[in-house]
Amino acid sequence: MKSNLEARQSIPRMEVGLDSSIPVRVRFAPSPTGRMHLGSARTALYDYLLARRTGGKFILRIEDTDRKRFVEGAEQELIDGLRWLGLEYDEGPDIGGPYGPYRQTERQEIYRKWADELIERGHAFYCFCSPDRLERVRQEQLKNKQPVRYDGTCRALEPEEARRRVRAGEKHVIRFKMPYEGETRAYDVMRGEIIWQNRDLDDAILLKSDGLPTYHLAAMADDYEMRITHVIRGSEWLSTFPLHVNLIRALGWPEPVWMHLSVFLKPSGKGKMSKREAAAALNDGYSIFIKDLRDLGYIPEGVLNWIVLMGWGVAEDDVMTLDEMIQRFDIKNLNPAPAAINFSKLDHFNGTHIRRLAVEDLAGRIKPYFERAGYRVDEAKLLRIVPLIRERLVTLDDCLPFAEWFFKENVSPAPEALVAKGLTPAESAAVARKMYNILSALPEITHAAAEPPLRALVEQLGLSPSQVFGILRVAVTGQTVSPPLFESMELLPRHTILQRLQNAIVMLEQM
RNA sequence: GCCCCCAUCGUCUAGCGGUCUAGGACGGAGCCCUCUCAAGGCUCAAACAGGGGUUCGAGUCCCCUUGGGGGCACCA
C-alpha cells in the first residue's frame, strides 16, 4: 500500500485554473433549513470574490430536497442576507438564468434520469432494506466495534430480480455502488491530495424512497448541469468527498476544482460553535446570524471585512471594501485551519468602516433609528450631527445614546450628575450661574463665541476644564457622555441652551 | 471505535529552506492628545505544541506523539 507521501509526490500539483483570465462558474447552494450564519456568508463571499475576480458567474441554488427539515421563510432570509451583504448573484431562483430552475425540488426529473443512468451502467443498485433493518445492522456493527456501513444485502441481488421488485411497486432507494477494492484519490486546492481506501467507504443513498435525491446526487448532478467549475463548500463535506468524486467519475463528468473551507470555532477557540454558544453570543450583544447582525446595527462593510479575514490572511492593510477584496482575493492564501470567532474584531471593523462612510451616507443609515425612536428628523440638522458622532459609533444603533438628546424637547439630568467633581452642589450652582451670565450675554452661542469666555472663566475660578464644562455638558445634554460640547451647542437654539442651564441651576440649588 | 482534516502571539493571521534577534491586525498594558466618551499618535508584553528525522542550514519538507475539528442518516 502506498503512503500518502508517495502518492502526493506522484501527482504533480494540479493546474486548477485560478488564473483570473479564466471565468469561473461558482454556486452558493444553501438548504432552506435554517438561518444564514457566518459560515454560509463566508462561503458565499468567497464564491462571489472568485466569480468577480475572474469575470465569472456567481449562482444561487436552493437545495431543498429535505422536505422534513424545510423551514418556511429560510430561503427569503438567505436572499435578503446576500443582498444586504452586497453579494449579488447572476443566476438564482428569483431571477432565473440559463441553467434553471434553481430550486432542486423543481429539478426532480434530472436526478431521476441520472440515477437510472447509474443503475444502467452498474454503478448503483436498488435497495429494499427498511430503516428498521438498517438500524439493527448499525447497532450490531457498533456493538462489535466494526465500521458502521451498509452491509451489501441488496447490492448482491440479481439486477433482474431487483427490477422486478421495483416494478411490483416495492418501496426502495437507490444506492451508489462504491468499489470494494482500491483507493480513491481526490484533490482539494487548499489541502492537496487526499486518499481513501475504498473498503472504508459506504454505499450511500442517492435517491430516497420519496423519489427525491440526497445531497450527493442532487448537488453533483446540478453542478454538472449548471457547468460549475469551482466548488467551495464547508469541511463537513470532506468525508463524503470520495463518494462525490466517484459519482462524477462513474458518469464521466468533468471534475470541478474543489476547496473545503474549515468550520468556525466558538470564541474561546475550544470547540465548535453550538446552539448554546450562539445564544450566549446573543446575550453579549453579538450573533452568528447575518440578519441579527444587521438588526444589531452592524453594517455590511464591517461584517464582510470581518468574515473575509477568517481563513484568509493578508500581510498588511486589512481594512478593505468589497471591491478591494475582489482585487486582492486569491484562494492560494486561504487557510485550512479552523478559526475561532472573534467578536471584538467585528466591532473594530464595523467602527472603522462607519468612520469611512461619507456624511450623507451615514446620515441615511442612522436616520431610521431616530425615526423608530419617535423623533421627527430634520435632514440638515442630522447632517451636522453626523460629523460629531461618527468616530464614536461602533454600531449604527450607538447613534441613539450619543445623539438622541439633540431631538428631545427637554432633558432631565440626574441631579448628582450636575455636581462637579470636587465641588459641592452650591459651588456647582455658582459656577453654572456664572456660565449662564456669560452665555446669555452672547447674541449667538457658537463654538467660536462661547469657548474663549468660558475658558477664561475656568482660568479665573482656578478649576479644571472638565469640572466646569462637565456641569455645562450635563445641564445641556442631560448626560455625562456626549459629543463635543461646543460643537453640539451650536446645533441647539440659544434659548434652549439657556433654559436648560437655568433648570440645572435650580436643581443644584435645591440639593 | 473507524475514516478524514488541521496545528505560528489569548484570537485572526504573514511566512511558501538561509533576508526570522518571526511581521501585521484585534484584544491587553502604558504614554501623548483632550471638555466627557471616542477617534488618533507612540511604546510595551505576547507565538513557531512536543519528539524524531532530511539538509551545510527548518517556523518552512517528512514521520510519530499530543491536541483540536469534521464525518460515520432515506440531513444538508
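The structure presented is a predicted model; accordingly, all values stated were derived computationally and were not measured. So you know, we letter chains A, B, ... as the sequences are listed, proteins then strands, and number each from 1.
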- Message: Students often get this wrong, so: under 4.0 angstrom with heavy atoms, is A/Ser482 touching a base, only sugar-phosphate, or nothing?
- Response: base

- Quote, to the nearest angstrom, the C1' distance that separates B/C20 from B/A76. 45 Å

- Item | Closest listed nucleotide, where the reference is the side chain of A/Ala337 and the choices are B/C26, B/C4, B/C6 | B/C6

- Task: Please work out if A/Pro483 contacts a base, only the sugar-phosphate, or nothing of the nucleic acid, heavy-atom cut-off 4.0 Å.
- Result: base

- Look at A/Lys68 and B/A73 and indicate whether a side-chain polar atom (N or O) is within less than 4.0 Å of OP1 or OP2. no

- Message: Of the listed nucleotides (B/A73, B/G24, B/G68), which one gets closest to any side-chain atom of A/Ile205?
- Response: B/A73

- What does B/U11 pair with, Watson-Crick or G-U, if both distances are under 3.5 Å? B/A25

- Message: Tell me if the CD atom of A/Glu135 is crowded by more than 12 foreign heavy atoms within 6.0 Å.
- Response: yes

- Query: Which of the following nucleotides, B/G24, B/C6, B/G68, is nearest to the side chain of A/Lys345?
  - Reply: B/G24

- Message: Categorize A/Gly271 for me: base, sugar-phosphate, or nothing, with a 4.0 angstrom heavy-atom threshold over every strand shown.
- Response: sugar-phosphate

- Query: So which nucleotide does B/C2 pair with, by the Watson-Crick or G-U wobble rule with both distances under 3.5 Å?
  - Reply: B/G71

- Query: Does A/Thr65 put a side-chain nitrogen or oxygen below 4.0 Å from OP1 or OP2 of B/C75?
  - Reply: no

- Do A/Arg42 and A/His37 have side-chain atoms, one donor and one acceptor, less than 3.5 Å apart? no

- Note on the structure: Mate of B/G18 across any strand shown (Watson-Crick or G-U wobble, both atom pairs under 3.5 Å) is B/C56

- Query: What's the closest nucleotide to the A/Lys272 side chain, out of B/G70, B/A76, B/C74?
  - Reply: B/G70

- Shortest side-chain distance from A/Phe469, nucleotide among B/G23, B/C4, B/C35: B/C35

- When you check the side-chain N and O atoms of A/His172 and A/Arg165, is any donor under 3.5 Å from an acceptor? no

- Message: Nearest to the A/His348 side chain among B/C26, B/C35, B/C4, which nucleotide is it?
- Response: B/C26

- How is A/Gln104 classified with respect to the nucleic acid when contacts are heavy atoms under 4.0 Å: base, sugar-phosphate, or nothing? nothing

- Among the candidates B/A25, B/A76, B/C35, find the nucleotide nearest to the side-chain atoms of A/Asp318. B/A25

- Task: Name the orientation class of the two ring planes belonging to A/Phe349 and A/His353 (parallel below 30°, tilted from 30 to 60°, perpendicular beyond 60°).
- Result: tilted

- Query: So which nucleotide from B/G70, B/A39, B/A7 ends up closest to the side chain of A/Glu391?
  - Reply: B/A39

- Task: Between B/C74, B/G27, B/C3, spot the one nearest the side chain of A/Asp200, thanks.
- Result: B/C3

- Check the side chains of A/Arg67 and A/Thr105 for a donor-acceptor pair under 3.5 angstrom, ignoring hydrogens and angles. no

- Note on the structure: Assign each of A/Val148 and A/Phe486 the nucleotide of RNA chain B bearing its closest heavy atom; nearer the 5' end lies the nucleotide of A/Phe486

- Task: State whether a side-chain donor-acceptor pair under 3.5 Å links A/Thr352 with A/Asn350.
- Result: no

- Message: Applying a 4.0 Å non-hydrogen cut-off, can you work out what A/Arg138 is touching in the nucleic acid: base, sugar-phosphate, or nothing?
- Response: sugar-phosphate

- Message: Can you tell me whether the side chain of A/Ser466 and the base of B/C35 have a donor-acceptor pair closer than 3.5 Å?
- Response: no

- Message: Which nucleotide, if any, forms a Watson-Crick or G-U wobble pair with B/A46, using both distances under 3.5 Å?
- Response: none

- Query: With both distances kept under 3.5 Å, what pairs with B/U36, Watson-Crick or G-U wobble?
  - Reply: none

- Task: Would you kindly compare A/Ser239 and A/Met310 by the position of their nearest RNA chain B nucleotide and give the one closer to the 5′ end?
- Result: A/Met310

- Task: Write down the distance between CG (A/Leu362) and C1' (B/A38), rounded to a whole number of angstrom.
- Result: 14 Å

- For B/A38, does OP1 or OP2 lie under 4.0 Å from any side-chain N or O of A/Arg390? no

- Hey, would you say the A/Trp237 and A/Tyr215 ring centroids sit under 6.0 Å apart? yes

- Message: Distance check, C1' atoms only: B/G50 and B/G67, in whole angstrom units.
- Response: 11 Å

- Nucleotide of B/A39, B/A76, B/G70 approaching A/Arg355 most closely (side-chain heavy atoms): B/A39

- Distance between C1' atoms of B/C74 and B/C16 (Å, rounded): 45 Å

